[in-house]
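Single-structure report; data block below.
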Amino acid sequence: MEYTKLGATGVDVSQLCLGTWRFGKESNGVVETEKEDAHDLLDAFADAGGNFIDTANGYGDGKSEEWIGDWLADRDREDYVLASKVYWTQESRFQENLSRKTIRAEIEGTLDRLGTDYLDVYYIHRWDDDTPITETLETLTALVEEGKVNYLGASTMASWKLTKALWKADTEGLQRFDVTQPLFHAAYQRDVSDYLEVCADQDLAVCPYSPLAGGFLTGKYERAGEDTYDVAAPEGSRGQLDDVFSDYYVSERGWHVLDAVKAVADEEGATPAQVSLRWLMDQPSFTCVPIVGARTTEQLAENLGAVDVSLSDAQFERILDARYDESGEYYETSA
């Protein structure tokens with residue numbers, strides 16, 4: 001595993017980050033990833049040289065952080081870069097926001113569950129329209145000054161809100177965000193270029209979640225008819241089980257990108273998932289560290305294989321260009 005600087009920070013992280021949102025998560029009464037399987041995934045990731053682990057206080061109602069903490073108890077904490085998030089709550093149950101009260105309560109719960117004195121990255125999980133951003137940043141700045149947090153991050157939000165937060169931090173002498181975590185992948189049906197341009201201009205690391213479009217970019221889905229949203233989904237896949245899968249991940253643009261990804265994968269003797277991850281890792285304007293959320297160690301091994309894939313500039317551009325129609329406009333979300 002090769003390592004890269006996390007944006008403008010001085011910390012080195014693995015080129016892929018392990019996402020743990022499935023740890024302890026219940027779907028229709030079934031836990032998607034049990035504790036033993038979670039520890040197997042963490043073992044496999046660490047054995048491959050991975051050191052960047054992403055979680056949140058709400059993942060699995062706190063179980064994700066607890067299970068990572070149990071795993072870390074037998075390892076050297078300093079070998080890993082831990083990221084968690086705040087907005088939804090486990091401790092301050094009556095306040096899901098980014099107020100001083102909520103953040104103060106939630107950081108203590110997160111640190112306790114992880115069994116650590118500090119976080120490397122602390123994200124705001126969502127933007128809070130009801131709490132002044134200055135209050136949020138002042139509270140987060142205090143956590144950095146107290147040694148409970150090293151760097152601040154921001155998850156998905158509008159680009160103007162990210163810009164506002166950076167401006168507030170700069171003008172008021174507060175800690176600014178160094179890392180972002182948007183939904184972003186090669187086939188994403190929305191244009192997020194304005195958000196990414198802010199990240200590039202401000203030297204913010206981008207750690208996209210759902211980098212494989214919920215599995216769409218693994219190549220296991222096929223068109224099932226003339227309509228864009230007619231999808232042939234394998235048994236037990238998210239496309240079959242998740243009612244909103246098509247709304248989130250399937251678009252006319254996506255099908256064109258998937259065709260290009262498959263063609264490049266064939267050329268390189270790689271899988272579509274590996275090519276899709278490599279495309280993100282090769283972003284030229286900003287540091288991009290995709291967050292992979294594999295369910296099995298076999299899936300994780302395939303994802304980690306992306307670090308050994310090389311894309312030429314022409315192959316990178318082919319995947320990028322597949323997002324546009326012949327007139328140079330983005331493909332619409334329907335056929």
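No experiment lies behind these values; they were computed from the predicted model shown. All heavy atoms count here, side chains included; hydrogens, waters and symmetry mates do not.
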Point to revise | Validation row, ring centre Trp71 to ring centre Tyr80 under 6.0 Å | key: yes
Practice item. Following the transitive rule for hydrophobic clusters with a side-chain heavy-atom cut-off under 4.5 Å over Ile, Leu, Val, Met, Phe, Trp and Tyr, establish whether Val13 and Val179 coincide in one cluster. Key: yes
**Study point:** Heavy-atom pair of closest approach, residues Leu41 and Leu18
**Key:** O-CD2, 4.2 Å
Output side-chain donor-acceptor pairs under 3.5 Å for residues 135-144, partner residues at least two apart or in another chain, one line each.
{"unit_1": "Glu135", "atom_1": "OE2", "unit_2": "Arg100", "atom_2": "N", "d": "2.9"}
{"unit_1": "Thr136", "atom_1": "OG1", "unit_2": "Leu98", "atom_2": "O", "d": "2.8"}
{"unit_1": "Glu138", "atom_1": "OE1", "unit_2": "Arg100", "atom_2": "NH2", "d": "3.3"}
{"unit_1": "Thr139", "atom_1": "OG1", "unit_2": "Glu135", "atom_2": "O", "d": "2.8"}
{"unit_1": "Thr141", "atom_1": "OG1", "unit_2": "Leu137", "atom_2": "O", "d": "2.7"}
{"unit_1": "Thr141", "atom_1": "OG1", "unit_2": "Gln175", "atom_2": "N", "d": "3.0"}

**Study point:** Between CD1 on residue Ile103 and CD on residue Glu91, distance to nearest 0.5 Å
**Key:** 14.0 Å
Check your understanding: Hey, what's the ring geometry for His125 with Tyr59, parallel, tilted or perpendicular (30° and 60° as the breaks)?
Key -> perpendicular
Exercise for review: State the CZ-CD distance between Phe286 and Glu197, to the nearest 0.5 angstrom.
Suggested key: 10.0 Å
**Study point:** Lys/Arg-Asp/Glu bridge criterion (N-O < 4.0 Å) met for Arg323, Glu317
**Key:** no
Practice item. For the pair Lys25 and Glu32, find out whether any cationic side-chain nitrogen is under 4.0 Å from an anionic carboxylate oxygen. Key: yes
**Study point:** Centroid-centroid under 6.0 Å between Trp160 and Tyr195 rings
**Key:** no
**Study point:** Verdict with supporting geometry, Glu267 and Arg318, salt bridge (charged side-chain N to carboxylate O under 4.0 Å, His left out)
**Key:** CA-CA 13 Å; Glu267 292 168 6; Arg318 278 165 53 196; 3.1 Å; yes
Check your understanding: Is there a side chain to side chain contact (heavy atoms under 4.5 Å, CB included) between Met281 and Cys288 once you walk through the steps?
Key -> CA-CA 5 Å; Met281 294 156 64; Cys288 189; 5.9 Å; no
Review point. Thinking salt bridges, do Asp117 and Arg77 make one under a 4.0 Å N-O criterion?
Key: no
Check your understanding: Do Val289 and Ile291 belong together in a cluster built from hydrophobic side chains that touch within less than 4.5 Å?
Key -> no
Check your understanding: Leu82, Ile124: one ILVMFWY side-chain cluster at the under-4.5 Å cut-off?
Key -> yes
Check your understanding: Looking at CG of Leu217 and CG of Leu280, how far apart are the two atoms once the value is rounded to the nearest 0.5 Å?
Key -> 8.5 Å
Practice item. Rounded to the nearest 0.5 Å, what's the gap from CG on Leu42 to CG on Asp37? Could you check? Key: 11.0 Å
Exercise for review: Quick one: sort the Phe184 and Trp279 rings into parallel, tilted or perpendicular, breaks at 30° and 60°.
Suggested key: tilted
Revision key, fill the gap. Residues passing the salt bridge (Lys or Arg N to Asp or Glu O under 4.0 Å) test with Asp43, sequence neighbours excluded, are Arg75
Review point. Would you call Glu106 and Lys85 a salt bridge, taking side-chain N to carboxylate O under 4.0 Å as the test?
Key: no
Revision key, fill the gap. When Thr131, Asp128, Thr102 are each screened for side-chain hydrogen bond (donor to acceptor under 3.5 Å, both in side chains) with Asn97, the one that passes is Thr102
Study note, to complete from the structure: Only residue of Glu2, Met1, Gln274 satisfying side chain to side chain contact (heavy atoms under 4.5 Å, CB included) with Val307 is Met1
Point to revise | side chain to side chain contact (heavy atoms under 4.5 Å, CB included) assessment of Leu111 paired with Lys148 | key: CA-CA 8 Å; Leu111 294 177; Lys148 293 181 178 180; 4.3 Å; yes
Point to revise | Nearest-0.5 Å distance that lies between atom NZ in Lys63 and atom OG1 in Thr33 | key: 12.5 Å
Check your understanding: Atom CG of Asn51 and atom CZ of Phe45: how far apart are they, to the nearest 0.5 Å?
Key -> 6.5 Å
Check your understanding: Considering residues, nucleotides and ligands other than Asp79, do more than 12 of their heavy atoms fall under 6.0 Å from its CG?
Key -> yes
Check your understanding: Which is it for Gln181 and Thr156 under the side-chain hydrogen bond (donor to acceptor under 3.5 Å, both in side chains) test, yes or no, and what are the steps along the way?
Key -> CA-CA 6 Å; Gln181 190 176 131; Thr156 182; over 6 Å; no
Practice item. Check step by step if side chain to side chain contact (heavy atoms under 4.5 Å, CB included) holds for Thr116 and Leu72. Key: CA-CA 9 Å; Thr116 183; Leu72 276 173; 5.7 Å; no
Practice item. Identify whether the distance between the nearest side-chain nitrogen and carboxylate oxygen of Glu146 and Arg104 falls below 4.0 Å. Key: yes
